[in-house]
Amino acid sequence: MCDQEGSPAIEPVVVVSNERVATSVCRIVLDAPRTAATVEPGQFVHLRIARHADFILRRPFSVHRARGERLEILYQVVGRGTRVLEDARSGDVMDVIGPLGHGWRIPEGTSRALVVAGGLGAAPMGMLVERLAERGVQVALAQGAPSAGRLLARDLFDSLCRKSVVATDDGSAGTCGFVTVLSAELLDREQPDVVYACGPEPMQRIVAGQCAGAGVPCQVSLERLMACGVGACLSCVVDTHDGLKRACVDGPVFDAADVVWDSGDEPEAV
Amino acid sequence: MCDQEGSPAIEPVVVVSNERVATSVCRIVLDAPRTAATVEPGQFVHLRIARHADFILRRPFSVHRARGERLEILYQVVGRGTRVLEDARSGDVMDVIGPLGHGWRIPEGTSRALVVAGGLGAAPMGMLVERLAERGVQVALAQGAPSAGRLLARDLFDSLCRKSVVATDDGSAGTCGFVTVLSAELLDREQPDVVYACGPEPMQRIVAGQCAGAGVPCQVSLERLMACGVGACLSCVVDTHDGLKRACVDGPVFDAADVVWDSGDEPEAV
Amino acid sequence: MSSVDMRVRLGSLELRNPVLTASGTFGSGREYADFFDLARLGAVVTKGVSLESWSGNPGPRIVETPSGMLNSIGLQNPGVEAFCAKDLRWLADRDVPVIVNVVGHRADEYAAVAERLEQESGVHALEVNISCPNVDAGGMAFGTTCPAAAEVVRSVRAVSTKTLIVKLSPNVTDVTEVARAVEAEGADAVSLINTLLGMVIDTRTFKPVLARGVGGLSGPAVRPVAVRMVWQVSQAVSVPVIGMGGITCAEDATEFMLAGASCVAVGTANFMDPTTAIGVVSGLERFSEEHGVERITDLVGAAWKTK
Amino acid sequence: MSSVDMRVRLGSLELRNPVLTASGTFGSGREYADFFDLARLGAVVTKGVSLESWSGNPGPRIVETPSGMLNSIGLQNPGVEAFCAKDLRWLADRDVPVIVNVVGHRADEYAAVAERLEQESGVHALEVNISCPNVDAGGMAFGTTCPAAAEVVRSVRAVSTKTLIVKLSPNVTDVTEVARAVEAEGADAVSLINTLLGMVIDTRTFKPVLARGVGGLSGPAVRPVAVRMVWQVSQAVSVPVIGMGGITCAEDATEFMLAGASCVAVGTANFMDPTTAIGVVSGLERFSEEHGVERITDLVGAAWKTK
Ligand SMILES: Cc1cc2nc3c(=O)[nH]c(=O)nc-3n(C[C@H](O)[C@H](O)[C@H](O)COP(=O)(O)OP(=O)(O)OC[C@H]3O[C@@H](n4cnc5c(N)ncnc54)[C@H](O)[C@@H]3O)c2cc1C
Ligand SMILES: Cc1cc2nc3c(=O)[nH]c(=O)nc-3n(C[C@H](O)[C@H](O)[C@H](O)COP(=O)(O)OP(=O)(O)OC[C@H]3O[C@@H](n4cnc5c(N)ncnc54)[C@H](O)[C@@H]3O)c2cc1C
Ligand SMILES: Cc1cc2nc3c(=O)[nH]c(=O)nc-3n(C[C@H](O)[C@H](O)[C@H](O)COP(=O)(O)O)c2cc1C
Ligand SMILES: Cc1cc2nc3c(=O)[nH]c(=O)nc-3n(C[C@H](O)[C@H](O)[C@H](O)COP(=O)(O)O)c2cc1C
Ligand code: FES
Ligand code: FES
């Protein structure tokens with residue numbers, strides 16, 4: 001899809017709506033004609049949440065959906081910026097740089113795809129699932145979250161996926177456990193031509209391993225702290241077998257096989 | 001009045017209204033029961049306009065009027081803080097430290113007073129004129145501004161003052177020229193027992209000189225950049241014949257005769 | 001009541017908690033007594049006190065900067081006698097340890113102030129300020145070279161039995177050198193950072209905003225520099241470090257303690273919210289409880305100790 | 001069209017306006033070509049280039065701070081050969097002067113890079129970076145002592161006929177000493193400030209946020225320190241000064257020019273708004289017109305010259 005990806009620009013955007021859709025997760029809809037018209041699945045925007053605030057950097061957010069002139073973003077409230085974003089009211093003006101990065105790729109002749117989303121990893125999957133459905137690809141989707149209250153975009157996924165299953169850490173919905181249990185099953189049962197994974201890095205690493213084992217190509221969307229978002233500052237590097245890459249322009253989507261995953265002794269897991 | 005001045009406290013306040021009342025001047029009404037109940041004419045509040053902004057200090061504003069549980073502030077939009085303040089909407093929450101400072105004093109047996117206000121110098125005169133009227137003091141008021149569109153609180157002053165005249169630099173209202181022309185006249189014609197002056201420092205210096213000449217006691221309200229507002233940081237010092245004083249606690253109102261006025265070669269004048 | 005042991009030691013002095021006020025930002029404490037009970041603080045650090053009265057610098061004395069401010073107060077103070085008669089007398093009844101910030105133009109002036117304060121039982125410690133950027137003679141001039149710093153500390157140490165804290169300047173190539181030099185002269189603790197030398201120019205007048213031209217930068221803007229220096233100094237000396245620079249809340253204070261500070265001081269933030277310091281006290285307590293920290297001192301230097 | 005003469009000189013190099021990009025914040029310019037025509041800049045300053053390729057530091061490499069950020073990129077770059085083949089080739093067609101930021105672990109490495117670039121007509125000036133706080137060997141180590149700084153500049157000067165700019169570190173007691181030392185070795189200009197050494201500690205992990213621990217502080221937070229140092233250095237040396245540190249708009253840039261900077265560079269602000277630099281160009285032009293300034297150079301040092 002990369003060839004179709006439009007060149008980035010700064011676009012002033014107007015907040016259309018901004019409300020909570022799950023525990024500590026909100027959906028903000030932005031009026032952003034230019035970006036909405038050119039963004040591809042898996043790309044992101046670099047959002048300037050506030051001017052004259054005590055934090056200066058933009059914040060990168062995947063585009064969950066683009067409908068008409070509007071962008072839809074799902075964001076989790078984790079720190080200063082997202083706390084300020086949560087207070088945005090309809091009519092507020094901000095600006096984005098976008099569309100940015102290389103998104104999901106749909107290999108020629110793909111007929112079956114498996115989508116694995118952990119937590120906010122569901123955010124970049126909205127446009128992807130829509131595109132896959134358009135292309136007549138049969139989609140199986142496995143979503144994981146800490147609890148039922150944190151599952152995202154269920155209606156969208158249920159309506160567009162042939163199979164859509166969930167796992168929660170506390171068992172409050174679907175299978176009790178990590179989404180990686182479901183991905184293992186589905187990888188085996190659905191025999192997908194390609195797997196798309198996004199979520200906490202340890203989860204992506206595990207899914208990448210499962211796909212490597214099954215010999216199925218896997219794409220992952222990686223998160224890094226980003227300053228410029230356009231490839232200039234080298235703050236977002238990802239270690240790949242082909243050297244250091246920039247998540248903002250060479251990614252955020254990478255072939256899992258290219259990524260040099262770190263040891264995996266992180267505390268968290270999904 | 002000082003003895004009556006309440007001890008300062010931090011009070012969360014809610015914006016009731018905030019609108020433009022003159023060229024580049026707005027009036028904000030704050031719901032602030034404690035401060036409104038204890039503030040005396042000439043005192044000020046130290047307003048925290050925003051948290052998490054790139055500017056960190058509070059901003060000092062005179063209380064123009066205190067009615068019931070509400071404070072009325074007249075402020076000119078001059079920089080970062082007041083630009084942000086201008087965007088405040090009703091319902092927004094801020095906090096003030098107040099009431100602060102020593103306000104206007106009404107000497108025993110005052111029967112006639114002259115009030116001289118230049119520009120935003122009208123702000124601290126609202127409560128003063130109200131108090132003088134309550135005490136049955138006959139008030140003559142001279143107000144100056146660059147142009148008619150910048151005259152403030154006309155209705156209040158006209159309704160409470162026996163005599164209320166204006167001067168504008170461009171002659172668009174009242175006398176064409178500086179308010180100091182009017183103050184000279186009124187000082188002579190009204191024979192006031194006391195004169196109250198607030199406005200740009202050069203104007204206050206001139207009025208102070210006129211009063212000294214006429215042998216009439218004069219009080220002035222001086223502005224200084226303020227960090228703490230409570231007497232701790234020494235950023236607001238005023239040079240007096242009795243040594244350095246702090247505008248925030250020893251003032252902002254001083255006896256003009258105590259102030260060591262600087263040379264007076266400032267560019268501006270009123 | 002809290003289970004956390006909040007007590008900390010500075011030389012022979014024990015404080016009920018590690019939260020102090022930064023010199024010059026809290027007056028003599030009196031100005032903030034309307035807002036909370038000073039006895040809830042670890043100690044009050046007074047503004048700079050000199051032998052004779054100093055009139056400070058002409059105004060404007062402050063200007064705001066992004067997430068910070070510049071000040072050029074210039075150590076205005078009534079001199080040690082008036083200080084003892086007024087501020088110290090008032091503080092005596094407040095049940096809070098008092099640390100007096102000492103300034104001078106020459107080493108012997110510092111010593112003279114220390115000598116005068118030696119008689120005052122109400123003074124629990126001295127903070128020798130060799131790092132004020134706002135005076136021409138003395139101040140920072142002493143804090144930026146090891147020999148000069150050592151000389152001042154030596155002369156004060158010679159006349160004072162009180163806990164001796166030396167306030168270090170961040171405007172140096174290697175802050176650990178000066179820290180070692182003053183430790184060698186008998187300092188019981190070091191405090192840092194004082195302000196970073198800065199300037200703001202008014203594009204309307206084409207002149208610096210501050211009458212004196214330069215001023216000292218403080219506030220959240222300097223916090224990363226302060227944390228870095230506390231990290232360096234706490235590993236270079238064995239005496240306790242008092243960390244400050246942009247602390248606005250308990251989380252900021254925790255950063256300093258993890259970096260190696262045994263105590264923290266709240267300065268510019270007092271102007272933003274007069275209750276910041278006690279908020280830091282309760283916040284540190286809560287943080288320690290949540291993290292199962294029994295003694296607040298267990299946090300000190302955790303960022304490098306457990307390395 | 002504007003009546004203001006915006007041209008400035010750096011040694012033998014004439015720039016069409018005084019606005020540059022700060023090294024490391026603008027890539028090779030290519031990354032920002034989508035946002036505006038680079039030919040509108042005074043010059044593009046590239047990221048640091050070393051003899052061989054450097055892989056930089058592990059991540060996280062950045063963290064935000066109040067009105068600023070820390071970075072510990074560590075001069076990741078493909079080495080001078082790859083730089084010439086890719087970035088320089090691309091820049092060649094852009095009708096904008098190119099200033100290459102040069103880094104090395106040893107003086108002879110700096111010289112080797114300079115020697116290689118001597119052949120490149122597409123390189124208009126070198127900015128010798130002796131002030132990067134993010135590498136162990138070299139970098140800031142050279143910028144904090146006069147002899148080391150002098151040695152690097154001498155070795156580069158010996159092999160390069162290009163306009164030589166030396167980038168100074170703010171992490172020193174007296175920045176004017178280093179400035180004089182490099183001027184004496186033939187520097188055609190000095191640029192400052194590089195980043196202030198800082199640290200942020202994560203109170204959840206008890207460890208520094210940056211993998212390397214310390215990083216370089218940049219952004220609006222440091223502006224007052226930068227303006228002060230430009231003010232000092234521009235009065236201490238006779239070569240032009242390139243001022244930077246927290247510039248976000250024309251007014252900020254004006255402060256630097258009034259303080260004594262002949263040119264200004266926009267760094268961290270590019271991340272906030274990619275069009276900041278050209279906004280500064282037009283803003284400086286407007287400001288000059290409004291103030292009846294015919295030559296932009298008339299602003300340089302006005303804050304102290306007219307004293
Ligand atoms: C390409 C890309 C796409 C993203 N898409 C989404 C999305 O669709 N929805 C969503 O909720 N989040 C998304 N993120 C993460 C999002 O950018 C961060 O959560 C956000 O920047 C946090 O900002 P803050 O000011 O609230 O937190 P901060 O106060 O800046 O930091 C709070 C915590 O969040 C972490 N954090 C900050 N920035 C990032 C970052 N860029 N990546 C990972 N962790 C970070 C910090 O390390 C810290 O632990 C994306 C990140 C990238 C790189
Ligand atoms: C006791 C007192 C009472 C005041 N009452 C009023 C009032 O009723 N209405 C009103 O409009 N203003 C009043 N002021 C002035 C007001 O505080 C400033 O205009 C305001 O702080 C400017 O904030 P800013 O962020 O918009 O401007 P900044 O960006 O901070 O500065 C913009 C310009 O305003 C000047 N300025 C900033 N603070 C002050 C200050 N404290 N005093 C004088 N000039 C300042 C600066 O020097 C600069 O030139 C009062 C000041 C004091 C000390
Ligand atoms: C207005 C003001 C006055 C100060 N006066 C003194 C002083 O008299 N003696 C001193 O050692 N430090 C003085 N300082 C420095 C502070 O004590 C502190 O070291 C510095 O401000 C950094 O902390 P902060 O960022 O929390 O303010 C002063 C700081 C400010 C802002
Ligand atoms: C991400 C980043 C990378 C940088 N890389 C370099 C570099 O390679 N060489 C250099 O001399 N300075 C480098 N700097 C310092 C800047 O060029 C500049 O001196 C400093 O950031 C201050 O300017 P600013 O506040 O406008 O960013 C870098 C700064 C940042 C933020
Ligand atoms: S965020 Fe700057 S290079 Fe990726
Ligand atoms: S503002 Fe701090 S003493 Fe007056």
Side-chain angles (χ1 to χ4, degrees), chain B residues 5-12 34 38 46-60 78-81 94-100 201 222-240 243-250 260 262-263 266-268, chain C residues 21-36 46-48 53-78 82 134 204-205 209-211 215 218-221 246 248-249 267-276:
Chain B
E5 285 164 357
S7 67
I10 305 171
E11 182 175 25
R34 184 192 181 281
T38 51
H46 214 18
L47 176 66
R48 189 169 194 181
I49 295 171
R51 285 155 188 277
H52 311 300
D54 58 4
F55 63 93
I56 61 170
L57 295 178
R58 290 169 178 268
R59 299 292 190 262
V78 294
R80 283 154 306 172
M94 307 178 179
D95 71 82
V96 299
I97 301 178
L100 293 170
E201 205 147 316
L222 299 177
E223 276 190 14
R224 291 291 184 272
L225 288 168
M226 294 183 171
C228 73
V230 299
C233 73
L234 304 184
S235 59
C236 65
V237 291
V238 171
D239 194 4
T240 75
L244 292 172
K245 300 286 183 187
R246 297 160 300 178
C248 64
V249 287
D250 304 317
V260 179
D262 16 329
S263 52
E266 284 94 343
E268 78 268 63
Chain C
T21 56
S23 177
T25 67
F26 204 69
S28 62
R30 188 177 199 147
E31 294 78 3
Y32 284 94
D34 282 329
F35 300 100
F36 63 88
T46 72
K47 59 170 134 51
S53 74
W54 288 5
S55 58
N57 294 316
R61 289 177 166 189
I62 60 165
V63 58
E64 242 179 336
T65 68
S67 293
M69 66 179 281
L70 292 181
N71 88 83
S72 66
I73 307 301
L75 300 175
Q76 176 188 333
N77 82 94
N134 298 322
R204 293 167 306 173
T205 63
V209 171
L210 298 178
S218 66
T248 66
C249 61
T268 300
N270 293 311
F271 308 152
M272 302 155 70
D273 176 353
T275 63
T276 302

Could you tell me which portion of [X] (side chain, backbone, both or neither) has an atom closer than 4.5 angstrom to a non-hydrogen atom of chain B?
X	value
C/Phe26	backbone
C/Ser67	both
C/Ser72	neither

Discussion item. Which atoms of B/Ala9 are under 4.5 Å from chain C, going by heavy atoms: the side chain, the backbone, both sets, or neither?
Written reply: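 Just the backbone, heavy atoms under 4.5 Å.
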Worksheet item: Do the charged groups of B/Arg51 and C/Asp273 touch, with an N to O distance under 4.0 Å?
Response: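 Not counted as a salt bridge, because no side-chain N and carboxylate O are separated by less than 4.0 Å.
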Discussion item. One thing to verify: whether C/Glu31 and C/Lys47 come together as a salt bridge, which I'm taking to mean a side-chain N less than 4.0 angstrom from a carboxylate O.
Written reply: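 Salt bridge: no.
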Discussion item. In the structure I gave you, are the side-chain heavy atoms of B/Val230 and C/Pro274 within less than 4.5 Å of one another anywhere?
Written reply: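 When only atoms from C-beta onward are counted, C/Pro274 and B/Val230 do not touch, as no gap falls below 4.5 Å.
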Discussion item. Within the structure provided, determine whether B/Arg34 and B/Pro12 are in side-chain contact (heavy-atom separation under 4.5 Å).
Written reply: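 B/Arg34 vs B/Pro12: side chains apart.
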Worksheet entry | Counterpart residues, side-chain hydrogen bond (donor to acceptor under 3.5 Å, both in side chains), relative to B/Glu11 (two or more places apart) |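 By the side-chain hydrogen bond (donor to acceptor under 3.5 Å, both in side chains) rule, B/Glu11 matches B/Thr35.
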Worksheet entry | Most contacts with chain C, counted as non-hydrogen pairs under 4.5 angstrom, among B/Cys228, B/Ala232, B/Cys233 |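 Among the listed options, the one with the most contacts to chain C is B/Ala232.
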Discussion item. Please rank B/Ile56, B/Asp95, B/Val249, B/Leu225 by heavy-atom pairs under 4.5 Å with chain C and give me the top one.
Written reply: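 Looking at each option in turn, the highest pair count goes to B/Ile56.
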